[in-house]
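Worksheet: the structure to be examined is printed underneath.
Quick note: numbers below take in every heavy atom, side chains included, and nothing from hydrogens, waters or symmetry partners. Just so you know, these numbers come straight off a predicted model, no measurement behind them.
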Amino acid sequence: MAKPPQPVDFALKETSPNIGASALSTDKLSCTYDLVEQMQYLYVRVVKAKELPPKDVTGSCDPYVEVKLGNYKGVTKHFEKKSNPVWGQVFAFSKERIQASVLEVVVKDKEVVKDDLIGRIVFDLNEIPRRVPPDSPLAPQWYRLEDRKGDKIKNGELMLAVWMGTQADEAFPDAWHSDAATVGVEGVTHIRSKVYLSPKLWYVRVNVIEAQDLVPSDKTRFPEVYVKCALGNQMLRTRTSPNKSINPMWNEDLMFVVAEPFEEPLILTVEDRVAPNKDEVLGRCAIPLTIVQRRLDHKPINTRWYNLEKYILVEGEKKESKFASRIHLRVCLEGGYHVLDESTHHSSDLRPTAKQLWRPCIGILELGIISAQSLIPVKTKDGRGTTDAYCTAKYGQKWVRTRTILDSSMPRWNEQYTWEVFDPCTVITIGVFDNGHLHGGGKDTKIGKVRIRLSTLETDRVYTHSYPLLVLHSSGVKKMGEVQLAVRFTCSSLINMLHMYTHPLLPKMHYIHPLSVIQLDSLRHQAMQIVSMRLNRAEPPLKKEVVEYMLDVDSHMWSMRRSKANFFRIMAVLSGLIAVGKWFDQICHWKNPLTTILIHVLFIILVLYPELILPTIFLYLFLIGIWNFRRRPRHPPHMDTRLSHANAAHPDELDEEFDSFPTSRPSDIVKMRYDRLRSIAGRVQTVIGDLATQGERFHSLLSWRDPRATTLFVIFCLIAAVVLYVTPFQVIGLLIGLYALRHPRFRHKLPSVHLNFFRRLPARSDSML
């Protein structure tokens, strides 16, 4: 059944931006930066000055530089009492906003009341050279400063480089942009574009085997010993040893996540449960991860004994005990696993941790972040709504962040980024956010995100679409705007890419020594926390709320809306089988006699020539695939409000989804939701019980729980065996098929004999309380 079309407001729109990849151009930019619209900028690099003349009574100056172009002005930081300052700052002015004919670079002396002019340099915009990478950067030159009349001053020179370029210029990411005039020198770093790398994550496996010669304080009781392991903020413990002695044994594995560089040691503490709420430390051991062996396959590593340190109190001071117990461990860094920090359903990287196990690159993914349209204001400034938007993209270990466009509902970024692709069955995530750290240091607000699965893209084709930015609030789904992207997936080796479809999705260690679902969920949460903490420490920081939104940190939380969506997904998957069942029922009941006769003929042919069955099935599937090729999707997937059941969700269901954990709602609302959940669980319980009943009836065929039913079934099996031995299989198949397809005149409305017999078989439901 065809899926109903999306509402126009939430639909994907194909666009035709003026990019190099869609035009025949000989410009160098179209070869290296061809997925975005070309934007011209005037760049001014202020390097340094020398021999600046003194301007105050102390015989020194506090210099800074103003770069003025019409109404736009960029200012460098100022130095106190320095005549040879070094700035090394770059300013970028968008050509489409330039309304002046001259560029003025002014050197001033910082004063309390009014700043003094030291000198200036004036450039005619018509004479500024143009540079396009990969041309070498323009070398800065020394310019003699002039006074207000245009005469050269005696002392003072300024080293500058001035050129016209594009966003492909190397200076673009670090430049101060003219549209950020309201941002101070300290805030410029928070609006620049940046590339981040996720930390390299490892699984740490700690196999706690045994301990020896423990010394409990109370030697009259049997110790109840367990081991507590801590790594950073991760804490795990073993079960209490079953043999209660001073030589306990566990042989238990504990798994942790750690990131390079290894800063914190693994700390193990052996403790004795002396009372219900009291534990005694019997020994402690700290293991630096830098000395831990790295394992790349399933072969076991050597075990090792570690001494346990024990401190005792002597006159109020801790002193190390002379006698040391031992603990037997097998500790290793697992390089053969992929550390999951995303959901496996939309993971962007599936490679193992160890680089030696990586397969070769199969292609290149290029993303052009062009612009956004109709962004809804998310904050208030000076009494009016505004948005300071930037875009973040994540694929593999590489995160990118565009520059922030201030106070614009239609920002134009036109930035292009590239990733290596090692597996086509991966997903790139693009998110749009409002920068909340410019005025007051608030949180970055999510505006929406897009996921694109690479396997749905045709190779070497440029996809230019405007994606709706949808955010689910407690009041319902809301469109926050649209983001315009250009995507191209280039395959370097078609054979290698097709060969990838025969490999397992995850590295082989996930199948040789699989981790439990609970372990994977816990380790994934820890990995997310480590990634968000590391990226939050970068400069400029990629904030925790941004990383968590991109990684879907709350995807495992309960949601009635998402449960309904998954139920309808299952029904959509089963709809094909249901349709085939209905069609077969119509054939059996001769709704269309001609079709039924043709099916009879086909069935007889297949029974007489069984070697044609499999070729016929595969030929039929081939023809279906060729027929559907005409209606194949011509655009990448995007967020679907109907599939997510977001446009039909009840307000209370959304309020429950956005509730904190534990809940913060009043008791009457919690009671209502609990009763609703009980009613749903009751239906699920009934369905599960019915399935169990059918299974138990099947088991009771030969269990002699009902001796008469089992006797009938055993006699039937004996007769069937004899008949099948003496009768050709084709005859049996023909008779069964003709019986199933018999005319309605020969059918009864009552259930069949075998179904009546099965329903009369006993189940264990009558033994339940």
Fill in: Test: Glu545 and Lys443 ion pair at under 4.0 Å
no

Worksheet entry | Pi-cation contact, Trp87 with Arg45 (under 6.0 Å, within 45°) | no

Worksheet item: In terms of side-chain geometry, is the basic nitrogen of Arg412 or Glu37 positioned less than 4.0 Å from the acidic oxygen of its partner?
Response: yes

Worksheet item: Does the distance from a Lys or Arg side-chain N to an Asp or Glu carboxylate O, for Asp460 and Arg488, drop under 4.0 Å?
Response: no

Discussion item. I'd like to know if Glu334 pairs up with Arg294 as an ion pair, taking the criterion as any Lys NZ or Arg NE/NH1/NH2 lying under 4.0 Å from an Asp or Glu carboxylate oxygen.
Written reply: no

Discussion item. Could you check whether Arg401 makes a cation-pi contact with Tyr196, meaning its NZ or CZ is under 6.0 Å from the centre of the six-membered ring and within 45° of the ring axis?
Written reply: no

Worksheet entry | Test: Arg359 and Asp423 ion pair at under 4.0 Å | no

Worksheet item: Is the backbone N or O of Gly436 less than 3.5 Å from a side-chain atom of Lys543, with the two atoms forming a donor-acceptor pair by type?
Response: no

Discussion item. Regarding Arg384 and Asp407, does a basic nitrogen lie under 4.0 Å from an acidic carboxylate oxygen?
Written reply: yes

Worksheet item: Do Asp640 and Arg642 meet the salt-bridge criterion of a basic N to acidic O distance under 4.0 Å?
Response: no

Fill in: Basic-acidic side-chain contact under 4.0 Å: Arg524, Asp341
no

Worksheet item: So does Arg665 pair up with Glu656, basic N to acidic O under 4.0 Å?
Response: no

Fill in: Arg192 with Glu539: basic N within carboxylate O range, under 4.0 Å
no

Worksheet item: For the side chain of Tyr43 and the backbone of Thr166, is there at least one donor-acceptor N/O pair under 3.5 Å apart?
Response: yes

Worksheet, complete the sentence: The ring-ring contact (aromatic ring centres under 6.0 Å, His included) partner of Tyr41 among Trp163, Trp176, Phe172, Phe91 is Phe172

Practice prompt. Mark yes or no: Lys449 above the aromatic ring of Tyr549, with NZ or CZ under 6.0 Å from the six-membered ring centre and no more than 45 degrees from the axis.
Written response: yes

Discussion item. Distance to the ring centre below 6.0 angstrom and angle to the axis at most 45 degrees; does that hold for Arg461 and Tyr463?
Written reply: yes

Worksheet item: Given Lys13, which of His465, Gln373, Glu482 fulfils the side chain to side chain donor-acceptor pair (under 3.5 Å) condition?
Response: Glu482

Discussion item. Looking at Val546, is its backbone amide N or carbonyl O close enough to the side chain of Lys544 to form a donor-acceptor pair, meaning the two atoms are under 3.5 Å apart?
Written reply: no

Discussion item. Tell me which one of Lys564, Arg561, Arg562, His645 satisfies side chain to side chain donor-acceptor pair (under 3.5 Å) with Glu653.
Written reply: Lys564

